[in-house]
Amino acid sequence: MNAPVACAPPRLPKRLLPGQRVSGSVGKFIDNPRQLKRKVRERLFGNVLEEVGNKMFKVQFDDGEIRSVKSHILRIEKASALLPLGEIPPQPSNTSASEEPRPQDEEDPDDAEEEDERGDPMQDGVPLNEADDVSENEEQGGPSGLYVGENLPPNYHQRLAEARAKIAGMLGKTVVKETFEWTVVAEHHSTELPQNRFLGIQGLELHRLDKKSIFAAMFLHLMFQDWKESLHKMNVKISANNNNNLDESGKTNNKVSLFKDHEFITGLALMIGATLYSDQGSGLWDAGSKKGEGVGFDSILPPAQFDRWMKLYRFKQFRQFITAIWEDESTKDSDPWWRFEAGVKEFNCLRQERVTTDIWSIIDEIMSAWLPRKTALGGLPNISEIKRKPEPLGKF
């Protein structure tokens, strides 16, 4: 007697509705996340637009491309799956009493997909019989037809297109905010941007410098247009000060000697080197201020002992007259910043003339996230999401 052969029940076609969030392995080939040799296709996310045939659905993916995909390749996802933070739909506050909430750890039967040697999803190993070709409406006794979306809310791509159209309609509009005036202009991308072949410090041949003085040379090159000219201005100020302190006999009270080249550089070096020590002021010159001295143990940090390079009184004179190198007495009566404004202009001019950077060095400097406080978008049509940034939410 032959036993009846148990046959698997026919698999019902997947029920997909317009606007439903789905995903499918239909992207480009990428490395297998399971660390296998063969590559797999990237899983893309999108929304169902409509049914276009037998088990065929038109899907608009997040990259903007619209494809016709078979239903067995698609997997039903949550409505918020892989959407930007500002586009996640609100969750319902409560569930119906008659509807039992779905456990979070319950696995979607569509998740169990197999892949062929190319990485494409495969249908289940159970052979499909003729019953699979019958649509769900026919099994229920109704006529066969296509799903057509009616009165559906706009999806993410439709809202994005509306936002761009709204921005396009604002071209030429001028907005005045306090003392600033903003005009909406069209997005512009220059196709002929100059590419700098040599980047870095210009006007200084670093390979010809002594390794011991290379950093000092770079500092002076970026700090002064001509450091010897700055030293000359400083000594002119000192000479004028000495002439103003003459007594009745023609002698100078508290005469200050003119600074030499090595003293000028040493004074700048001590101002920079002082940042490496915890001592302050005269403690950097007094050898007896070493921490721990007099309490029975020596400090692991040796004292600065700046008096080995310059006496304390001499450094005080250097600090008194160093600011004279940027003074511009011609603007003394009209500019309250006449003592230092020339230094700011010189700094900006040197960075523009002697430092060459790439044209894209400022693009990713805007790293702060745009986080509106009162509304989801802060009055903007949409908020972009750039994953390479530490805070991906923003407009740049």
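Along the sequence shown, the residues carry numbers beginning at 1. Quick caveat, the model's predicted, so the values are computed rather than measured.
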**Q** Taking side chain as C-beta onward, heavy atoms only, is Val256 less than 4.5 Å from Asn242?
**A** yes
**Q** Once side chain to side chain donor-acceptor pair (under 3.5 Å) is applied, do any residues pair with Arg319, and if so which ones, sequence neighbours excluded?
**A**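 Expected list: none.
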**Q** Can you tell me how far CG of Asn241 sits from CG of Asn254, rounded to the nearest 0.5 angstrom?
**A**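 If I round to the nearest 0.5 Å, the distance is 9.0 Å.
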**Q** Within the structure provided, determine whether Phe318 and Met234 are in side-chain contact (heavy-atom separation under 4.5 Å).
**A**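 Yes, at least one pair of side-chain atoms sits under 4.5 Å.
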**Q** Which residues end up grouped with Trp182 if you chain together Ile, Leu, Val, Met, Phe, Trp and Tyr wherever their side-chain heavy atoms are less than 4.5 Å apart?
**A** Phe180
**Q** Just jot down the salt bridge (Lys or Arg N to Asp or Glu O under 4.0 Å) partners of Glu205, sequence neighbours excluded, or say none.
**A**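 With sequence neighbours excluded, Glu205 shows a salt bridge (Lys or Arg N to Asp or Glu O under 4.0 Å) to Arg208, given in chain and number order.
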**Q** Just how far is it from atom CZ of Arg43 to atom CZ of Phe61, taken to the nearest 0.5 Å?
**A** 10.0 Å
**Q** Would you say Tyr313 ends up clustered with Ile238 if hydrophobic residues are merged whenever their side chains have heavy atoms under 4.5 Å apart, either directly or through other cluster members?
**A**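 Ile238 does not cluster with Tyr313.
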**Q** Does a side-chain heavy-atom distance below 4.5 Å link Asn245 with Lys255?
**A**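 No, too far: nothing below the 4.5 Å cut-off.
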**Q** If you take all heavy atoms of Lys39 and Ile30, which pair is closest and at what distance?
**A**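 It is CB-O, 3.1 Å.
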**Q** Quick one: side chain to side chain donor-acceptor pair (under 3.5 Å) pairs with a partner in residues 224-238, sequence neighbours left out?
**A** Gln225-Arg354
**Q** Taking ring-ring contact (aromatic ring centres under 6.0 Å, His included) as the definition, give me every residue that meets it alongside Phe340, ordered by chain and number, with sequence neighbours left out.
**A**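 Only Trp326 meet the ring-ring contact (aromatic ring centres under 6.0 Å, His included) criterion with Phe340.
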**Q** Find the distance between CG (Leu284) and OG (Ser278) and round it off to the nearest 0.5 Å.
**A**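 It is 8.5 Å, given to the nearest 0.5 Å.
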**Q** Roughly how far, to the nearest 0.5 Å, is the NZ atom of Lys55 from the OG atom of Ser71?
**A** 6.0 Å
**Q** Minimum heavy-atom separation for Val22 and Val59, please, with both atom names.
**A**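 So the minimum-distance heavy-atom pair works out to CG2-CG1, 3.9 Å.
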**Q** Measuring only between side-chain heavy atoms, which start at C-beta, is Val175 closer than 4.5 Å to Glu181?
**A** no
**Q** CG of Leu44 to CZ of Arg67: how many Å apart, nearest 0.5 Å?
**A**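 It is 5.5 Å, given to the nearest 0.5 Å.
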**Q** About how many Å separate CD1 of Ile325 and CD1 of Ile322, when rounded to the nearest 0.5 Å?
**A** 4.0 Å
**Q** Could you pull out all residues at least two apart from Arg351 that satisfy salt bridge (Lys or Arg N to Asp or Glu O under 4.0 Å)?
**A**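 Partners of Arg351 under the salt bridge (Lys or Arg N to Asp or Glu O under 4.0 Å) test: none.
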**Q** Please examine the side chains of Leu16 and Leu74, heavy atoms only from C-beta on, and report whether any two atoms are closer than 4.5 Å.
**A**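 Yes, side chains in contact.
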**Q** Are Leu220 and Met223 linked, directly or through intermediate hydrophobic residues, by side-chain heavy-atom contacts shorter than 4.5 Å (ILVMFWY only)?
**A**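 As far as the 4.5 Å side-chain criterion goes, Leu220 and Met223 are connected within one cluster.
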**Q** For the pair Arg164 and Glu162, find out whether any cationic side-chain nitrogen is under 4.0 Å from an anionic carboxylate oxygen.
**A** no
**Q** Could I get the full list of side chain to side chain donor-acceptor pair (under 3.5 Å) partners for Asp31, not counting sequence neighbours?
**A**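 For Asp31 there are no side chain to side chain donor-acceptor pair (under 3.5 Å) partners, ignoring immediate neighbours.
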**Q** Shared ILVMFWY cluster between Trp285 and Tyr277, side chains joined below 4.5 angstrom?
**A**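 Cluster IDs for Trp285 and Tyr277 match.
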**Q** If the condition is ring-ring contact (aromatic ring centres under 6.0 Å, His included), which residues does Trp309 pass it with, not counting sequence neighbours?
**A** none
**Q** Between Val40 and Ser25, does a side chain to side chain contact (heavy atoms under 4.5 Å, CB included) hold up when you go through it step by step?
**A** CA-CA 8 Å; Val40 296; Ser25 300; over 6 Å; no
**Q** Could you list the cluster mates of Leu209? Members are the ILVMFWY residues connected by side-chain heavy atoms closer than 4.5 Å, either directly or through other members.
**A** Ile201, Leu204, Leu206, Ile214, Phe215, Met218, Leu222, Val355
**Q** Which residues pass the salt bridge (Lys or Arg N to Asp or Glu O under 4.0 Å) test with Arg308, not counting sequence neighbours?
**A** none
**Q** Cluster question for you: counting only ILVMFWY and a side-chain heavy-atom cut-off of under 4.5 Å, with indirect links fine, are Met310 and Met271 together?
**A** yes
**Q** Please determine if Lys28 and Glu42 form a salt bridge, counting it only when a charged side-chain N lies under 4.0 Å from a carboxylate O.
**A**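 Glu42 and Lys28: not salt-bridged.
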**Q** I'd like to check the salt bridge (Lys or Arg N to Asp or Glu O under 4.0 Å) partners of Lys332; sequence neighbours left out, ordered by chain and number.
**A** none
**Q** Where do Asp328 and Ser330 come nearest, in terms of heavy atoms and distance?
**A** OD1-OG, 2.6 Å
**Q** Is any side-chain heavy atom of Gln60 closer than 4.5 Å to a side-chain heavy atom of Asn47?
**A** no
**Q** Has His221 got a side-chain atom pairing as donor or acceptor with Gln202's backbone, closer than 3.5 angstrom?
**A** yes
**Q** Please examine the side chains of Arg21 and Ile76, heavy atoms only from C-beta on, and report whether any two atoms are closer than 4.5 Å.
**A**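 Ile76 does not reach Arg21 side chain to side chain.
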**Q** Enumerate donor-acceptor pairs with a distance under 3.5 Å from any side-chain N or O in residues 259-269 to protein atoms, sequence neighbours excluded.
**A**
residue : atom : partner : partner atom : Å
Glu263  : OE1  : Lys260  : N            : 3.1
Glu263  : OE1  : Arg314  : NH2          : 3.1
Glu263  : OE2  : Arg314  : NE           : 3.1
Thr266  : OG1  : His262  : O            : 2.7

**Q** Where the side chain of Arg41 meets the backbone of Gly27, is there a donor-acceptor pair that is under 3.5 Å apart?
**A**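 Present.
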**Q** Under a 4.5 Å cut-off applied to non-hydrogen side-chain atoms, are Phe306 and Leu312 in contact?
**A**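 Sidechains of Leu312 and Phe306: no contact.
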